[in-house]
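Below, chains carry the letters A, B, ... as their sequence lines are ordered, and counting in each starts from 1.
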There are 2 protein chains.
Amino acid sequence: MKRSQEATVEGTGRRAGLDRADVVLAALRLVETEGADALTMRNLAGRLEVTTTTIYWHVGGRDELITELIRYQSEIQAARPIEGETPHERVVSLARHIWESARENRAITSLAHQNGATSLLERPLEIALVHELQVAGVTGAAAAEAHRAILATVGGLLIQALRDESIIPANRRSEALWADTDPELGLDAATIDALAQPADLDALFESTINAVVAHILAKPEPVKRRSRPAAAKAAGPAKNKTKRARKSTTKRTTKSNG
Amino acid sequence: MKRSQEATVEGTGRRAGLDRADVVLAALRLVETEGADALTMRNLAGRLEVTTTTIYWHVGGRDELITELIRYQSEIQAARPIEGETPHERVVSLARHIWESARENRAITSLAHQNGATSLLERPLEIALVHELQVAGVTGAAAAEAHRAILATVGGLLIQALRDESIIPANRRSEALWADTDPELGLDAATIDALAQPADLDALFESTINAVVAHILAKPEPVKRRSRPAAAKAAGPAKNKTKRARKSTTKRTTKSNG
DNA sequence: ACCTGAACACCGTTCAAGT
DNA sequence: ACCTGAACACCGTTCAAGT
């Protein structure tokens with residue numbers, strides 16, 4: 001990959017060899033280091049030591065830049081191996097991949113969320129999820145419903161998690177609101193106390209996602225799987241079709257039921 | 001309530017009698033008619049036929065304005081009566097209130113969401129939810145967990161619903177992404193087809209929330225309730241302290257374990 | 001082909017000044 | 001007490017022009 005720290009051309013003020021990939025990667029690093037809000041065209045241009053308009057020449061505009069950035073990141077996130085043997089375990093494993101990817105890349109997830117590109121970011125993992133449901137015997141309208149229910153559950157927990165990171169004024173944060181709840185309301189003190197504390201979101205994720213997946217897989221009978229799962233594959237301009245090597249997972253998932 | 005269409009003062013260019021409430025209500029109408037993004041200080045000032053700085057004099061700034069606007073709206077949304085007899089029914093009913101309020105007031109919900117004020121908007125209904133869980137015998141840490149799981153579920157479905165309304169570029173929308181899925185992936189055609197169609201989110205809400213609530217209320221045994229429901233009460237600047245009659249619920253000990 | 005400079009139409013916010 | 005006018009420091013984007 002071309003580095004962007006090359007010398008300027010022959011004493012002129014022009015930079016050499018800046019291409020589209022450089023811009024996208026610089027944008028990614030900018031988001032990772034300074035947060036989603038730091039991704040402005042001027043800020044990015046400054047990082048690359050070019051004029052704002054140069055950015056426009058390489059990538060079409062802010063929206064295009066974000067689309068490409070998210071697409072790039074989405075492929076990285078799809079690399080995690082699916083764990084578990086039973087359909088339930090494997091579906092939960094995929095949901096957990098979405099969850100963990102988002103928590104480990106908060107800024108990019110926020111960026112995607114702010115710009116309506118969440119589906120794009122989760123795309124490869126969503127494809128893998130649909131496949132896993134299919135293997136479990138869930139297809140058609142039922143699969144779409146199951147898929148959406150799972151994504152909604154993960155997404156709902158995710159906005160709670162991301163909320164903790166972003167700079168929300170104290171008087172709007174859930175914990176703070178519970179902390180000064182009117183005692184006259186007659187709510188249980190221990191409950192209020194628990195609500196005023198930061199949540200254990202990982203535990204909440206496990207508990208809730210297991211309940212939802214159990215509910216989804218309750219209808220059709222589980223299928224003894226012997227077909228191999230398809231690797232997650234991005235819908236981007238993939239130039240090389242990487243065949244993903246299958247490895248037989250050795251059943252090492254958390255065994256939790258609601 | 002004072003109208004803001006009063007005549008200007010004696011031929012001068014000054015408007016008369018514009019107060020804080022006028023500004024907040026005008027902002028609310030602006031959001032409702034033109035969407036969350038239309039709420040700019042200049043736009044609002046133009047609506048009220050004053051200068052931008054006048055807005056700053058009445059409400060402190062954009063954030064304060066939004067806080068007050070959301071707080072106002074939150075009280076309106078709490079007016080719905082809780083339906084059902086069993087704890088399960090009543091908890092689901094409250095979750096449904098949050099769901100329906102948000103769907104009926106998309107722009108304001110979006111505004112709250114964009115500005116991290118979701119907790120504020122849902123506050124009165126959240127209080128009612130905690131109360132209802134308490135009546136059902138769920139308190140302490142278990143109540144906090146149950147509360148958060150329910151909110152996450154509703155919230156996750158809500159961002160899917162709100163996504164449909166906002167102007168997201170076609171290539172980022174979930175349905176569009178599924179519509180041109182690579183056939184080489186080997187995914188079931190009927191499933192892809194179902195995913196490419198707009199979802200029946202109301203049905204999805206009912207199905208998912210019932211599963212989650214059932215999961216939550218599975219642990220403590222259900223309580224035969226004969227007490228009447230407490231009305232939702234906002235945490236705003238309440239001038240009159242309504243003493244809430246304490247009802248000895250038949251069995252509401254703090255029987256909570258993680 | 002690649003990059004600059006100037007400009008446009010927006011933002012939220014502040015500050016001195018008017019009546 | 002209530003409001004205006006001008007200004008500051010930002011945005012994304014476009015367009016003509018340079019090499």
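- No side-chain donor-acceptor contact under 3.5 Å links A/H131 to the backbone of B/L187.
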Write down the protein N/O and nucleotide N/O pairs, taken from nucleotides 12-15 of chain D, whose separation is under 3.5 Å; answer none if there are no such pairs.
{"from": "D/dG12", "atom 1": "OP1", "to": "A/R62", "atom 2": "NE", "distance (Å)": "3.3"}
{"from": "D/dG12", "atom 1": "OP2", "to": "A/M41", "atom 2": "N", "distance (Å)": "3.1"}
{"from": "D/dG12", "atom 1": "N7", "to": "A/R42", "atom 2": "NH1", "distance (Å)": "2.5"}
{"from": "D/dG12", "atom 1": "O6", "to": "A/R42", "atom 2": "NH2", "distance (Å)": "3.0"}
{"from": "D/dT13", "atom 1": "OP2", "to": "A/Y56", "atom 2": "OH", "distance (Å)": "3.1"}
{"from": "D/dT13", "atom 1": "OP2", "to": "A/R62", "atom 2": "N", "distance (Å)": "2.9"}

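- Not a single donor-acceptor pair under 3.5 Å links the side chain of A/R123 to the backbone N or O of A/T118.
- Side-chain N/O atoms of B/T51 include one lying less than 4.0 angstrom from OP1 or OP2 on D/dT4.
- Atoms CD (A/E49) and P (C/dT4) sit 10 Å apart, rounded to a whole Å.
- Side-chain atoms of B/M41 and B/R62, non-hydrogen and from C-beta on, do get closer than 4.5 Å to each other.
- Looking only at distances, a side-chain donor or acceptor of B/D200 sits under 3.5 Å from a matching main-chain atom of B/A203.
- Between A/L48 atom CG and C/dT4 atom P there is a gap of 11 Å when expressed in whole angstrom units.
- Look at A/H58 and you won't find any side-chain N or O under 4.0 angstrom from OP1 or OP2 of C/dA1.
- To the nearest angstrom, C1' of C/dG18 lies 15 Å from CH2 of B/W57.
- For the 3.5 Å distance criterion, the side chains of B/E126 and B/H147 qualify, holding a donor opposite an acceptor.
- Among pairs with a residue in residues 169-179 of chain B, those fulfilling side chain to side chain donor-acceptor pair (under 3.5 Å) read A/T67-B/R172, B/D164-B/R173, at least two apart in sequence or across chains.
- Although no hydrogens or angles enter the test, the distance criterion places a donor-acceptor pair under 3.5 Å between the side chain of A/T33 and the main chain of A/L30.
- With pairs defined as Watson-Crick or G-U wobble and both atom distances under 3.5 Å, the stems of at least three pairs that touch DNA chain D come out as C:4-8 with D:12-16, C:12-16 with D:4-8.
- A salt bridge links B/R80 and B/E104; the closest N-O separation between the charged side-chain nitrogens and carboxylate oxygens is under 4.0 Å.
- Every residue two or more places apart in sequence or in another chain that forms a side-chain contact (heavy atoms from CB on, under 4.5 Å) with A/E64 is listed here: A/R20.
- Listed by residue number, the members of residues 108-119 of chain B with any heavy atom below 4.0 angstrom from DNA chain D form an empty set.
- Within the model, atoms CG of B/L151 and CG of B/L129 stand 6.0 Å from one another, a figure rounded to the nearest 0.5 Å.
- In this view, A/H113 and B/H113 satisfy the ring pair (Phe, Tyr, Trp, His ring centres under 6.0 Å) rule, not counting sequence neighbours.
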